[in-house]
Amino acid sequence: MESVDAGGEVRHWSAEVNGISLHVAEQGPAAGPAVLLLHGFPELWLSWRHQMAALAARGFRALAPDLRGYGDSSAPTDPAAYTILHLVGDAVALLDHLRLPKVFVVGHDLGAQVAWHLCLLRPDRVRAVVVLGVPYFPRAPRPVTELFAALGDGFYIMQYQEPGRAEKAFARYDVATVLKKFYSIELDNVTAPPGVEIIDFLEASSSSPLPWMTDEELGQYVEKFQKSGFTGPLNYYRMMDMNWRLTAPWHGAKITVPAKFIAGEKDTSFESFGTKRYVESGGFKSNVPALEVAIIEGHHYLQQEQAEGVNTEILSFLDKFSENCVSR
């Protein structure tokens, strides 16, 4: 494993953990308070590039893995290898590999789900958590596909359930267009009309490069997704019903770890499914008692689109727990 100099460049290494090879990008002093950054769909460790630099500059040790199925990490072929227990298991095994008893955790999108469940299942390993875009919802009374069945076949989660369906639709476009379609989402509801695949319904940004991503950065994503494909990432969605069954022992459980939730006011996830009402009504805080909330300008890929604002929110929160061990 390569060491990282304080404030130095990003270093890359891989570790055999939990039965897979996990690629990790690291920046900042090895002796600094560790921050585990968990990306979402369809992203990579690279989605945290702005946060890693800011954290490293303040003396934190930023650790951003490609989650299983993504980038240079292993992509098991069996969909059953992508349950929330596997994903939390990867995070715990990585911390064990690094001999880190307790860390700060930051998660976005599907990585937010991993972060919340790491707090739920192993609160002893988390000092505090910052989550972007996806609040913690307690376990529902029914599986995910039953909850969303009323939205019909056009709803993106429903379309992703059938193995190979979304992959076949994605293959009609080059990888750059697929990624830009997701990165450009500004819809209130990600549901395609009847008979239309979600990837056909989404529109790619007409601007090149994207306002918050250079063509060179997009090219780095494209290179990795051309190699690894989208099946691993889509398997996260295919295991949502299984996750519901596996987490039955934690039905009704609350998140006890200190938490901060950051959302973009124009984020599709925040505007849909009663999420905004849940956050603002106090329902969210009843399930996460030690909660802070920050709603800022921006859309879904907030840590890239509004990097400076997100960095400020993350650092101001983490500083509360690390004043004695982080350089100013």
Side-chain angles (χ1 to χ4, degrees), residues 34-41 43 45 47-48 50-52 54-55 60 62-65 67 84 87-88 90-92 95 102-123 125-139 236 240 243 247 250 253-307 309-321:
V35 183
L36 180 65
L37 300 133
L38 305 170
H39 68 77
F41 175 92
E43 299 182 271
W45 75 267
S47 300
W48 298 112
H50 304 297
Q51 288 68 49
M52 293 177 70
L55 287 164
F60 289 95
L63 299 160
L67 300 188
I84 197 66
L87 301 170
V88 172
D90 292 346
V92 171
L95 300 188
K102 210 163 190 176
V103 298
F104 296 112
V105 179
V106 182
H108 170 249
D109 189 74
L110 289 181
Q113 298 282 18
V114 181
W116 286 127
H117 282 84
L118 178 58
C119 294
L120 181 68
L121 306 181
R122 293 299 306 271
R125 306 304 296 269
V126 183
R127 297 178 68 177
V129 65
V130 179
V131 175
L132 280 65
V134 180
Y136 172 72
F137 288 96
R139 184 174 178 272
Y236 284 54
M240 285 183 170
N243 292 341
T247 54
W250 293 273
K254 299 180 185 295
I255 300 293
T256 58
V257 171
K260 184 169 188 174
F261 175 70
I262 308 170
E265 62 179 4
K266 298 178 182 177
D267 186 345
T268 301
S269 300
F270 186 61
E271 294 288 336
S272 304
F273 315 118
T275 301
K276 183 176 181 180
R277 183 173 62 253
Y278 170 68
V279 171
E280 295 179 346
S281 69
F284 186 15
K285 189 169 179 60
S286 70
N287 292 309
V288 188
L291 176 69
E292 296 181 19
V293 174
I295 310 302
I296 66 175
E297 174 69 23
H299 298 85
H300 185 63
Y301 296 95
L302 198 61
Q303 77 272 39
Q304 299 183 74
E305 180 190 358
Q306 300 291 342
V310 169
N311 291 349
T312 298
E313 295 291 346
I314 291 174
L315 289 167
S316 66
F317 183 66
L318 298 190
D319 279 351
K320 297 178 182 180
F321 305 93

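Residue numbers start at 1 and run along the sequence shown.
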Completion exercise
Closest non-hydrogen atoms of Val134 and Val131, given as atom of the first, atom of the second and distance, are O-CG1, 3.2 Å

Problem - salt bridge (Lys or Arg N to Asp or Glu O under 4.0 Å) partners of Glu313, counting only residues at least two apart - result: Lys260

Practice task
With rounding to the nearest 0.5 Å, note down the distance linking CD in Gln303 to CD in Glu43.
Solution key: 5.5 Å

Exercise for the section: To the nearest 0.5 Å, tell me how far Glu265 CD sits from Ile295 CD1. Expected result: 8.5 Å

Handout entry: Phe104 vs Phe321 side-chain heavy atoms within contact, under 4.5 Å
Key = yes

Exercise for the section: Mind checking side chain to side chain donor-acceptor pair (under 3.5 Å) for Tyr278 and listing every partner two or more places apart, or none if nothing turns up? Expected result: Asn287

Exercise for the section: Calculate, to the nearest 0.5 Å, the distance between atoms CD1 and CG belonging to Ile314 and Leu37 respectively. Expected result: 7.0 Å

Problem - Side chain to side chain, Lys254 and Tyr136, heavy atoms closer than 4.5 Å - result: no

Problem - Least distance between heavy atoms, Pro123 atom then Val257 atom - result: CB-CG2, 3.9 Å

Fill in the blank from the handout: Residues passing the side chain to side chain donor-acceptor pair (under 3.5 Å) test with Lys266, sequence neighbours excluded, are Glu297

Completion exercise
d(His50 NE2, Glu305 CD) to nearest 0.5 Å is 11.0 Å

Handout entry: Reported OG-to-CG distance for the pair Ser47 and Leu302, which is rounded to 0.5 angstrom
Key = 12.5 Å

Fill in the blank from the handout: Residues at least two apart in sequence or cross-chain that pass side chain to side chain donor-acceptor pair (under 3.5 Å) with His300, listed by chain then number, are Asp109, Asp267

Exercise for the section: In sequence, state the C-alpha distance, the side-chain angles, and the governing distance for Thr275 and Phe137, and then conclude on side-chain contact (heavy atoms from CB on, under 4.5 Å). Expected result: CA-CA 9 Å; Thr275 301; Phe137 288 96; 3.9 Å; yes

Practice task
Using a 4.5 Å cut-off on heavy atoms from C-beta on, say whether the side chain of Phe317 contacts that of Ile262.
Solution key: no

Problem - Nearest heavy-atom neighbours spanning Gly111 and Leu67 - result: CA-CD1, 4.5 Å

Practice task
Only one of Val103, Leu63, Leu318 passes side chain to side chain contact (heavy atoms under 4.5 Å, CB included) with Val35; say which it is.
Solution key: Leu318

Handout entry: Val106 side chain reached by Trp48 side chain, heavy atoms, under 4.5 Å
Key = yes

Practice task
Taking the side chain as every heavy atom from C-beta outward, state whether Tyr236 and Leu87 have any pair of such atoms under 4.5 Å apart.
Solution key: yes

Exercise for the section: Before giving the answer on side-chain contact (heavy atoms from CB on, under 4.5 Å), spell out for Gln51 and His108 the whole-Å C-alpha distance, their side-chain angles and the decisive distance to 0.1 Å. Expected result: CA-CA 12 Å; Gln51 288 68 49; His108 170 249; over 6 Å; no

Problem - Pro258 vs Val126 side-chain heavy atoms within contact, under 4.5 Å - result: no

Problem - Nearest atoms (heavy-atom pairs only) where Gly133 meets Pro135 - result: O-CD, 3.8 Å

Handout entry: Ile255 CD1 to Trp116 CH2 distance, which is reported to the nearest 0.5 Å
Key = 6.5 Å

Exercise for the section: Sequence neighbours left out, what passes side-chain contact (heavy atoms from CB on, under 4.5 Å) with His117? Give chain and number order. Expected result: Ile84, Val88, Gln113, Leu120, Thr247

Problem - Residues forming a ring pair (Phe, Tyr, Trp, His ring centres under 6.0 Å) with Phe270, sequence neighbours excluded - result: none

